[in-house]
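Let me begin by presenting the structure, written as structure tokens, before commenting on it.
What you see is a predicted model; the values in this text were computed from it and never measured. FYI, side chains are in, hydrogens and waters are out, and symmetry mates aren't considered; it's all heavy atoms of this structure.
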Amino acid sequence: MRILFLGDLMGRSGRSAVIDALPDLRSRMKLDFVIVNGENAASGFGITGKITGQVIQAGADVISGGNHTFDQKEILEPINSDNRILRPINYPEGTPGRGYAVYDAPRGKKILVINAMGRVFMNPMECPFRAVDKVLKSHRMGHTVAAVIVDFHGEATSEKMAMGHYLDGRVSLVVGTHSHVPTADCQILDGGTAYQTDAGMCGDYNSVIGMEKEEPIRRFLTKMNRERYTPASGQATICGTFIETDDRTGLATRIEPLRMGPRLMEHIPA
């Protein structure tokens, strides 16, 4: 399968760029499945039902989340009723929504998408390693599903790398989100799992991780919070990770970064 994962949508700039570009990307890249991390899509904090509908209509099959998933209370009803919206699987028991689901893909294939969140420098959560393990006991590549994608939303590169190696050979892709900075370590691990520490964001890179620069710089200089963070509104760069998988085993045969926009070196996989 040909699968595209897009990093965190950041505010209006990022979501508008993705909504505009996705129909063409799906056609031009002959994509079978698209996952988008949407946890910063609504003014940089959370996502709404209206935005999820727009992103799905544009061509996303799944929208994953992270630590800002519930910043917009409006998401509580959609996240319970629509399995195309995920939040990290290791939120406490009783949290609305779900952390994984199995979806239909072309040619009768099934694809499992898991959203998990790290614990290093993040809010306390259940163990993401054990949470993912539990799901994989019931869903095996080459048997019940043709591919498995893991969005690991975390701060520490070491924790993301550990998850990649821990799941090597058992999933198709482990891709990091949250830092909003694309890493240059796209690779296929020894066991056949594709890996990238962070897919980057879809947003204005003339910014501080997607926010207008003045307030973050002021806070670093003064340690004072004077204004609310505001998403940068310039032209967005779209960043993500593209993989191809072996339909028989689910393992990756190819991984490449996707970047399109004004700020980073453009690369669109053929």
- Check whether any side-chain N or O of E155 sits under 3.5 Å from a backbone N or O of G118 as a donor-acceptor pair, and report yes or no. no

- Does R259 count as lying over the ring of Y205, i.e. NZ or CZ under 6.0 Å from the six-ring centre, within 45 degrees of the axis? no

- From the list N83, D61, V145, side chain to side chain contact (heavy atoms under 4.5 Å, CB included) with Y103 holds only for N83

- Task: Check whether any side-chain heavy atom of R226 lies under 4.5 Å from a side-chain heavy atom of E215, and answer yes or no.
- Result: yes

- Message: My understanding is that only one of I149, L86, N115 makes a side chain to side chain contact (heavy atoms under 4.5 Å, CB included) with I35; could you say which?
- Response: I149

- Measure from the side-chain N and O atoms of T183 to the backbone N and O of D198, and report whether any donor-acceptor pair falls under 3.5 Å. yes

- Main-chain N/O of R2 paired with K30 side-chain donor or acceptor, under 3.5 Å: no

- Item | Heavy-atom check, side chain of T69 versus side chain of P88, under 4.5 Å | yes

- Short question: side chain of T193, backbone of L189 - any donor-acceptor pair under 3.5 Å? no

- Give a yes or no answer on whether the side chain of N90 reaches the backbone of E126 with a donor-acceptor pair at less than 3.5 Å. yes

- ring pair (Phe, Tyr, Trp, His ring centres under 6.0 Å) pairs touching residues 114-152, sequence neighbours excluded, are F129-Y166

- Message: Using modelled atom types and a 3.5 Å cut-off, is there a donor and acceptor pairing between side-chain atoms of D8 and backbone atoms of M201?
- Response: no

- Please check if M141 and Y195 belong to a single hydrophobic cluster, counting links between Ile, Leu, Val, Met, Phe, Trp and Tyr side chain heavy atoms closer than 4.5 Å. yes

- Does any N or O in the side chain of R98 come within less than 3.5 Å of the main-chain N or O of I79, such that one atom is a donor and the other an acceptor? yes

- Query: Who pairs with I19 by side chain to side chain contact (heavy atoms under 4.5 Å, CB included), at least two apart in sequence or on another chain?
  - Reply: Q54, V55, A58

When the side chains of residues 262-270 are checked against the rest of the protein, which donor-acceptor pairs come out under 3.5 Å, sequence neighbours left out?
| from | atom 1 | to | atom 2 | distance (Å) |
| --- | --- | --- | --- | --- |
| E266 | OE1 | G261 | N | 3.2 |
| H267 | NE2 | E256 | OE1 | 2.6 |

- Query: Can you check whether M161 reaches T197 side chain to side chain, under 4.5 Å on heavy atoms?
  - Reply: yes

- Message: Any side-chain to backbone donor/acceptor pair from N37 onto E39? Under 3.5 Å, distance only.
- Response: yes

- Any side-chain heavy-atom pair from M1 and R107 closer than 4.5 angstrom? yes

- Is the side chain of T241 donor-acceptor paired with the backbone N or O of F5 at a distance under 3.5 Å, no angle test? no

